[in-house]
Amino acid sequence: MTRILIISHGHPDLGVGGGEIAAYRQCQELRALGHEVLFMGRAPTPSRRGGTVFSVCGADAGDVLFHSPDFDHFLFRQPAKWAVYKDFRSLLERFAPDVVHFHHYVHLGLELIREVRKYSVRVPILLTLHEYLAICHNHGQMVKTDGRLCDRAGPVDCHGCFPQHSPEDFFLREMFIKSYVGLVDAFVCPSRFLLERYAQWGLSRDKLHCIENGQPDAPAEAAAPPADILCRRFGFFGQLSELKGVPLLLQAVRDLAEDARARIEVDIHGTLTHQSEAFKERFAAETAAVADCVRYQGPYRPADLPALMRRVGWVVVPSVWWENSPLVIQEAFNHGRPVICGNIGGPAEKVADGVSGLHFIARNARDLAARMQTAADPGLWTRLRDGIRSPLSIRAATETHLALYQRLAESRAKLEPPPQPEPQSRPVPAGAGASAPAPLRKPLGRAAAARLALHS
Amino acid sequence: MTPSSCIDFAFAGQDSLFVFGWLVERGGAVLQGVQLRGEAGPIDLAGHLYRFPRPDVASLWAQDDETVARDYGVGIAVQLEQPLRADGRLALSFVLSDGTSSEIEAALSTDEDRFAEFVAGQADRLERLFAALDETEARRLRNVAGLPDPDQADAALGFPAPQIDLVCFLTATTLLVIGHSLDPEIEAIGVRMRANGTLLRFRRADLRQPMASEGAGCFVGLVTLESPPAADEELVLYLSAKTTLWPKPLGLAGSTANGFAALERHLQVSDPNTQLVILEEVARATPHWQITAADALRLGALWRAAVHRLPTTVDRADLGLRLITDLVHPVGGQGVFLVGWALLDRDVVRSVSFRVPESPEVEIWRDWISHQRPDVWQALKREGAHLPSDELGFTCFVGQPIARGQKSAYLVVHCRSGLSLRMKLDLPAAPHDPVETLRPILSSFNPAHRDLRALLDRHIGPAVQAAWSVRKRPAGEPVVAEFGAPAANPEVSLVIPLYGRFDFIEFQMTQFVDDPFVRGSDIIYVVDDPAIYDQTRQACLEVSRFFEVPFRLVYARRNAGFAAATNLGASLARGRYILMMNSDVMPKRPGWLDELVAAHRALPDPGAVAPKLIYEDGSVQHAGMQFMRMPAWGGLWVNDHPHKGQPNLAAAEPVEFLALTGACLLLRTTLWRELDGLSEDYIIGDFEDSDLCLRILEGGRRNWLLPAIELYHLERQSQDRIGDTEWRRNLSLYNCWMHTRRWDEAIARRVEAR
């Protein structure tokens, strides 16, 4: 049994987001495998109790919440350093993890990574990368503030997107972030595309590992409409936002001829909660304009997803940014539904064009419309459905992680704590100011490695 | 509207009436007559009314536009049929042109001593008034007033005799004589007593109208006696004019005691320019040690009061003279920096001086540097003024020490005719922050000036030097805060000043923390900015707990400038080497500092060594410095950064340079102390590094660039926060001037040799 600390920027009890769900699923799976896992999520509220940043939540109050209401979103810096060197440190010492796996640093602070390393040189540190936040200040999307796709970040280019921050600010930002992420032993990338972007940014390829998010076991095949019906039904699932490409999808439907529209149906599922009023009004108007074939079905609960997906033949992922590994693609494949997506980034990597779905020219509504017309063909649909390979299961993903933990722990176990700085000049005469002995660190690494070895 | 009026003094003689006072008319009405009110009904005195200038009254009512030019003095002298009833009261009615009248009452004196005291210094007016009286009464009152009888000597001259207005003793042996001549043809008046005295001719505005023309000469002279006169001694003043010498018997008995009081009374009716002519002459001839402390104080007070009343410009279009100041900037008690414009005809003007009350005058016109003032030139051109040059502007630093609390000084334009004109300079309190003292000086000039070197050598340079030299030293010891256990026996002390931004500490810590050599060094941050100290200290508490890198935070309790801050930090250094380091220099990788030290040990005759510095985009920021003459800056030497902004080409072997940047510079602590660190004569942060490097070279050592070691430098990220780039550029120019003045010969020699 291994003691694993999983750190996420949220907790499923506090709200639903893809990253938190993936982290929590992994936590549950590890617990199911008999490991001792502590889940630490960040809470956006101030700490309810004085003198500590922590509170508890989850089943049996077994999860820890790290309250961090203020945050430096430019540097991902924790303004309350004591929360790191005092509170987080005491949690580390108490739980004494063998592995620390970060699913994010946003809202928490990059400092947590260094605190783990200060705590022990033998504990492997992992970081799962969900988007391009370290590279791109524009919400980590690598989309320029004027809407163009961005291929590479740089101080001058980034200053172009954010004139209020000088190129030097962006230089310091990168230097600052790298000084912390450089301490990480392994980065887990759910897509090859994201991995390449981080390699281009300067992370060592040796440390980058591509592991897809695991999916729950595929649901039992239930009754579904026949292929000639399904192939004419398209579904959208997810946040109704500009970046997720909802307006692009509506534009594509508008571009279809009346008779083409008459033959298809489009179901839109998802929430508008975080959108601006202007966007909501625009969405309502544009949906109304194509009411003959588009139905907005409103938000859905994760539990209802299987039923909703069974109703449609195609899942459309019209995102206008690179994406990483959208959960909806894995879910579609899990339900045997081919995907129509843009030809860029994570989706293009996950969906094989002409095998498990169709690519359109990203951000091009007319091309999406053409693909949808092509798609309304039961033969094509059946062929692509049969081309889907079932996605990685949570169990398999978790085992891949465990194997990685073990490799890292073994190489870390060989390390000794760094020596305290030796006197650099000739020693001063005896009695002229002997230095205090270096504080002792709790030696944890070897025992942890032994436990990991036993498990395997 | 009711006029304002006042009776200063009313005197009843045996059968005469004297009234001195003033009246300011309002609303366009003018004084037409005056009536004496009494039991027997009003007596008309209109024919005996005499108006004369009263500048003191004019200045009091100066809010009315026309008042200055008009005569507000009211004098009445009338021979009466019979003596006035001595009930001690006088009642008059002033009759105005609009038909209204104004009634006034005053005390009526019969005391001849008071009469004599009051009229001392009013001789000229009295003579005019005495003409209205019987000869017998006039002679009697002349006698009372101590005035010479014109019949006795003056009448025989055949031309209008010069008149004596005031004669009094300022010291036991110094006699002050003030008078005037109505004859414009008298070019010189001499005064003889038992010893030679000198006389100065000047023009008195108070005598200009209607008593004398503009050309009438007034004079002030001081006569030094060989010994104090005996109490019963009869003094005779001999006036000479037009080759004639004649005696003036002086009724001086008993007047030796209060000469300054008499002078003060005399000055009351003079305009400030005249007052200052007299006071300057008095001061010249009566040094402080000869007069009593009380008289010295009185003289000083009179002087300052006169200056206070001066106009703030010289504007005599009739003489073609204009003098205006745009900036009067006291420089920390060391002098005054003046900027303005002037129209001065060399045929009319002899000199222009700066003067502070009770101090000698300083000629400034000869030395000031002119510059173009297109705005003034065009405005004057429109007026049709004769403009000999378009360089009407001037800049001048007057290096005259000025006592604390001195609120004003003045300029004197001396004309070739003998006329002198004065204008006041209000001296604002000097700002406490030396930078605030520097800023107006540095903002005042255009670096493209054709005579930039002279402007810097004579005015800007000395003024800035003076301002910088008097900056306040901090009160008390610097504050030193120790964070973490100090490294034992450190090899290097990193001295890093902080100004404006302190977040660089955390950025640098992210680069220091994983470098064991740097962690074991003696890191000293010096806060050079009172505005950030508390926050910085607070942040350091957290940063040190988190990073566990020991360092010290030193605070000088002031903004001392880059050099002083570095010197302070270096004075606390425990390492065998000192690394000057800017807070915006960021290491690229661990190991850089041990490599710098190793290179220093290995190189021949090492003085200072520096790494290559690169910008955040990877281009070159610093790869050695070279000296280059800057033609646009009058040929001053500037520090050029070769290849700056160009792609960073491959690293190479150590290269010798004359100078290296101080942004990251390593040298032995012993050498640092031997050279006494950085020069603090440069301001805010410029040229200290090349100055240090040149001193290292002059000591026979060599400076090496190590291109194989690279760090980032986000140049001027903290300095730019000072803002206001124009004066900053001129500050660089000043530092450059200072540097060239010090090193011109050495740089030329070394550049030549390479």
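Fair warning: this is a prediction, and the values are worked out from it, not measured in the lab. In the text below, chain A, chain B and the rest are named by the order of the sequence lines, each starting its count at 1.
- Among the candidates B/M586, B/K588, B/M509, the residue making the largest number of heavy-atom pairs closer than 4.5 Å to chain A is B/M586.
- Note that CG of A/L172 is 10.0 Å distant from CD of B/Q508, once rounded to the nearest 0.5 Å.
- Residues meeting the ring pair (Phe, Tyr, Trp, His ring centres under 6.0 Å) test with B/F502, sequence neighbours left out: none.
- Shown here is B/R574, whose CZ atom has more than 12 heavy atoms of other residues, nucleotides or ligands within 6.0 Å.
- Using modelled atom types, no side-chain atom of B/E542 and backbone atom of A/A80 make a donor-acceptor pair closer than 3.5 Å.
- In this structure, the side chains of A/L75 and B/F507 come closer than 4.5 Å at one or more pairs of heavy atoms.
- For chain A, the nearby part of B/Y712 is the side chain; its heavy atoms alone come within less than 4.5 Å.
- Chain B is approached within less than 4.5 Å, heavy atom to heavy atom, by A/M175, A/F176, A/S179, A/Y180, A/L183 from residues 173-186 of chain A, ordered by number.
- With contacts defined as side-chain heavy-atom distances shorter than 4.5 Å, the pair B/D617/A/F171 does not qualify.
- Salt bridge status for A/R114 with B/D514: present, with a side-chain N to carboxylate O gap under 4.0 Å.
- Shown here is A/H73, whose NE2 atom has more than 12 heavy atoms of other residues, nucleotides or ligands within 6.0 Å.
- Of the atoms belonging to A/P155, it is side-chain heavy atoms, and not backbone ones, that fall under 4.5 Å from chain B.
- Interface residues of residues 106-113 of chain A toward chain B, defined by a heavy-atom distance below 4.5 Å and sorted by number: A/E111.
- Between the side chain of A/K118 and the backbone N or O of B/F546, at least one donor-acceptor pair lies under 3.5 Å.
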Table please: side-chain donor-acceptor pairs of residues 643-651 of chain B below 3.5 Å, with sequence neighbours left out.
| from | atom 1 | to | atom 2 | distance (Å) |
| --- | --- | --- | --- | --- |
| B/H643 | ND1 | B/Q646 | OE1 | 3.4 |
| B/K644 | NZ | B/E715 | OE1 | 3.2 |
| B/K644 | NZ | B/E715 | OE2 | 3.1 |
| B/N648 | OD1 | B/K612 | NZ | 2.7 |
| B/N648 | ND2 | B/E710 | OE1 | 3.4 |
| B/N648 | ND2 | B/E710 | OE2 | 2.7 |

